[in-house]
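Inspection log for the structure reproduced underneath, given as structure tokens.
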Amino acid sequence: MDFEWSDDQRNLYQACAAFARAQLNDDVVGRDRRHDFSRHAWEMCAKFGIQGLPVPAEFGGGDADPVTLAICLEALGYGCKDGGLLFSLGAHLWSAVTPLWRFGTVEQKQRWLPGLCDGSLIGVGAMTEPGTGSDAFAMTTSARLDGDHYVLHGGKTFITNAPVADLFLVFATTAATTTVVGGLGCFVVERGTPGLTIGKPFRKMGLHTSPMSEIFLDNCVVDADQMLGSPGAGMAIFNTSMDWERSFILAPAVGTMQRHFEQAVAYAKDRHQFGQPIGSYQAISHRIVNMRLRLDAARLLLYRAAEAKARGRSTRIESSAAKLFISEALVASSHDLLHIHGAYGYMEESGIERELRDAIASTFYSGTSDIQRNIIASRLGL
Amino acid sequence: MTDISADIAVFLKDSPSWADRDVHIDSSTELLQHGGLDSLGVLELVTYLEQTYNVEILDEEVVPENFGRLGDVADLVRRKLATG
Ligand SMILES: Cc1cc2nc3c(=O)[nH]c(=O)nc-3n(C[C@H](O)[C@H](O)[C@H](O)COP(=O)(O)OP(=O)(O)OC[C@H]3O[C@@H](n4cnc5c(N)ncnc54)[C@H](O)[C@@H]3O)c2cc1C
């Protein structure tokens, strides 16, 4: 077992972090205040190759193996302070790019993947409904086959990127029964399709630079060849994409926690109270040690999941464990950083209060912490 | 009915997500026509198969072709055992 990165991996990390630091941090505080999604930053990321990282080169992607993917995303989270942008990129990668890459026909991949990789198309998956969050498969949005097309009807909520997205991967029931294997489909719906309406952007606690809204489907007609996978494969598509999402959606958070840790150490050495650097007080130094322990454990869980994915293994425990632990560690790390900075951290200009607001959502999206524990328990046969 | 099909039938009859359905189960049983498996039922069945037969079933394999009939599920397990 080798815990060291190769020189190539270290160089890749440095290059991604340097790119993110130089290109993605423009006026983050102001954009957060204005709830501004940066299309410019999105395009810079696409130019750098982020949006197509795991996609085969023939469809415009970077062909990155899972470990390389984790390294790039960790570095991105280290350099980039825009948590909303990082989250929008994750939603795009795991809920739009991944289902197309894993389940699309060659024609579907040729049609949509190059645009999703080069930044000209923004995508997202639409699963959650007002009545179905954790119990996602109990959805009521339906798709009725009518000749050579499907008619979609229903609505989805909490859809990341929706206000700016060009492609929606909509999950809908295709059978009259509630069965999930065989009764669920995934449809690629393009913005502008008659019957698709995008709701007003939501105001939320954090991730302000990642826009979100409802979408409504009212007799929305899509061609049958806009369905992904074989008929009734919706559950496999959703679970497969979610497994990639749980493995990697918080890869940037590991980089973010590295940045928190370094910032905390520097401040604890610099800030003096009662004639001493605050880091000389155990209350502060032990808190920083805990930050470091969580960071190390988070990184190990991320790369364990990536390594298992690289070997083509089923990663249900590894991916849920990574999602669960890193999300809770990110909240704790942001809170610790705020605590160590006292009132300075509480001020908007510090950017630290924003990091905490952004972090909290991570224990909800991609399945809440309770649901991750349920998944792991069921894999243990409990 | 092969042993694997019989095992799965016994497992399904006892599983909470299938137990209260009045359906005779054998290898030709169309699971989908009888209400199919819900998400919890699928997870339980996949965990059971992996632990009983020491095989690994990927999420992308949980499709109607492999889980439509009870016999399809048994065939999937048999293919996995054959390829080691
Ligand atoms: C920032 C953000 C972005 C999102 N983006 C998207 C998106 O792009 N596309 C999309 O489809 N969805 C998206 N979602 C929705 C997300 O997937 C759901 O919020 C999530 O699945 C939980 O559903 P819910 O919020 O309705 O909570 P509920 O399911 O109503 O749960 C409420 C509480 O009950 C607990 N609970 C529920 N069931 C159980 C159980 N069986 N055991 C133990 N505890 C339980 C939960 O853990 C939670 O604490 C997003 C959410 C957020 C916060």
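Just so we're on the same page: letters track the sequence lines, and every chain starts at 1.
By the 6.0 Å contact criterion, CG on B:Asn54 is open, its count of non-hydrogen atoms from other residues, nucleotides or ligands being 12 or less.
In terms of heavy atoms, A:Gly312 sits closest to B:Leu58 at O-CD2, 3.9 Å. Annotation for A:Gly182 and B:Pro64: closest pair CA-CG, 3.5 Å, computed over non-hydrogen atoms. For the pair B:Asp59 and A:Asn239, the tightest heavy-atom approach, listed with the atom from each and the gap, is OD2-O, 3.4 Å.
Proximity of a side-chain donor or acceptor of A:Thr240 to a complementary backbone N or O of B:Glu60 within less than 3.5 Å is detected.
Only the side chain of A:Phe103 comes within contact range of chain B, with heavy atoms under 4.5 Å apart.
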Give the intermediate values and the outcome of side-chain contact (heavy atoms from CB on, under 4.5 Å) for residues B:Val46 and A:Arg316. CA-CA 12 Å; B:Val46 167; A:Arg316 292 184 196 106; 3.8 Å; yes
